[in-house]
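The structure presented is a predicted model; accordingly, all values stated were derived computationally and were not measured. In this chain, numbering begins with 1 at the start of the sequence shown. One-based numbering, in listed order, for ligands and for the atoms of each.
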Amino acid sequence: MEKLTKILQKDNLTKEDIVFLLSLEEPESIEMLRSYAYNIMRANVGEYVYLRGLIEFSNICVNDCYYCGIRKSNRNIKRYTLESDEILECARFAAQNGYGSIVLQSGERRDPQFIDYICRIIEEIKSTTKSENLPNGLGITLCVGEQTYATYKKFFEAGAHRYLLRIETTNPSLFARIHPADISFEKRMECLFYLKEIGFQVGTGVMIGLPTQTVEDLANDLWFFKELDADMIGMGPYIVHRDTPFNIYEKYFLENKRKIYLMSLKMIAVARILLKDVNIASTTALQALYPLGREEGLRFGANVVMPLLTPSSYRRNYILYDGKPCVDEFTNDCGECLISRIEKIHRPIGFDNWGDSLHFKKKH
Ligand code: 5AD
């Protein structure tokens with residue numbers, strides 16, 4: 001406890017401090033870390049929770065990542081791409097319900113048709129969602145993977161202003177073990193720098209609890225977020241998907257579920273303490289491990305949630321990991337559920353607000 005208090009009082013954490021914080025196990029110590037992180041959040045970005053409606057508009061993917069349920073070799077899902085009308089309807093729903101922003105996420109594709117399709121959609125969303133409440137239309141975050149500099153630039157010029165690209169892990173040899181040879185760590189890094197240079201608010205993150213991943217790896221991940229000067233963080237537990245080569249880790253995963261869940265919460269808290277004024281998402285994967293996981297993420301210092309807007313009939317084909325919540329085909333409005341969950345923990349919601357990263361705003 002004494003050591004913990006000392007570390008929390010420091011202005012600058014060292015990597016060793018971070019390892020210490022991530023290794024906390026006593027409930028009282030974890031609670032102390034949580035409440036400290038919460039106060040840092042309150043002082044730097046306030047208690048508002050911002051909503052980003054998540055539209056998983058295509059599950060077609062050229063990649064074959066060993067952990068991911070929509071990898072190209074998975075033949076057990078039906079591949080789809082939403083029509084522009086369907087995407088626009090989701091966007092209108094978001095705007096009308098005060099979400100302020102959406103995330104357009106898909107599997108990875110780099111062909112010109114797809115790139116043009118995305119640009120057109122961004123422009124249409126922008127022009128159709130302008131209103132008194134949203135004079136500049138919905139805020140748009142893209143999450144469509146590795147692209148060329150020119151493509152990123154096109155997306156930016158079309159009107160997207162935030163981009164999420166997870167590094168997945170900053171340990172290059174672990175990165176190489178979870179991806180096929182055609183996906184390179186250096187390329188991923190390069191993409192993050194392109195995005196920054198173009199002027200996006202850049203989000204990155206990692207999976208927590210990957211087989212062989214160590215606490216030191218996770219401390220390095222947090223350190224990297226700081227060095228990259230990331231504006232947004234989205235990270236969550238790694239969860240086995242049965243139709244992937246990594247299903248061999250099911251036993252490891254089940255045995256370590258609670259540990260991975262707690263580590264994910266500690267990662268959010270330490271990210272908040274280290275990075276202070278960035279936006280941090282409480283991800284859906286947390287809720288897959290524990291029904292109140294997303295609320296817990298918010299209590300540990302996160303300030304963004306992403307209600308699922310993907311039309312219900314497509315949801316079962318966009319499952320990255322087993323046990324993904326909200327895929328029930330009768331559940332249409334994840335927003336309503338999530339909003340009442342946020343209200344239950346007494347957090348105000350930033351309706352009709354882009355909820356941009358304050359960290360980014362201070363730099364520009
Ligand atoms: N468990 C947890 N997260 C996963 N992702 C992909 N597959 C899994 C999984 N099995 C995450 C990756 C990716 C994001 C869109 O989803 O980190 O960047």
Note down each nitrogen or oxygen pair, ligand 1 side and protein side, whose separation is under 3.5 Å; give only atom names and the distance to 0.1 Å.
unit_1   : atom_1 : unit_2 : atom_2 : d
ligand 1 : 1 (N)  : I239   : N      : 3.0
ligand 1 : 1 (N)  : I239   : O      : 3.3
ligand 1 : 10 (N) : Y67    : O      : 3.0
ligand 1 : 10 (N) : I239   : O      : 2.7
ligand 1 : 10 (N) : L320   : O      : 3.3
ligand 1 : 17 (O) : R166   : NH1    : 2.8
ligand 1 : 17 (O) : E168   : OE1    : 2.5
ligand 1 : 17 (O) : E168   : OE2    : 3.4
ligand 1 : 18 (O) : E168   : OE2    : 2.6

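- Counting only distance, with no hydrogens or angles, the side chain of W354 and the backbone of G137 share a donor-acceptor pair below 3.5 Å.
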After noting the C-alpha distance and the side-chain angles of R299 and E295, does the key distance pass the salt bridge (Lys or Arg N to Asp or Glu O under 4.0 Å) rule? CA-CA 6 Å; R299 292 182 64 250; E295 288 91 320; over 6 Å; no
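- Aromatic ring pairs are classed by plane angle as parallel below 30°, tilted from 30° to 60° and perpendicular above 60°; the pair F246 and Y249 is perpendicular.
- Ring planes of Y80 and Y314: tilted class, angle from 30 to 60°.
- Within a 6.0 Å sphere centred on NZ of K154, other residues, nucleotides and ligands contribute 12 heavy atoms or fewer.
- S58 and T81 are linked by a side-chain donor-acceptor pair at a separation below 3.5 angstrom, with hydrogens and angles left out of the test.
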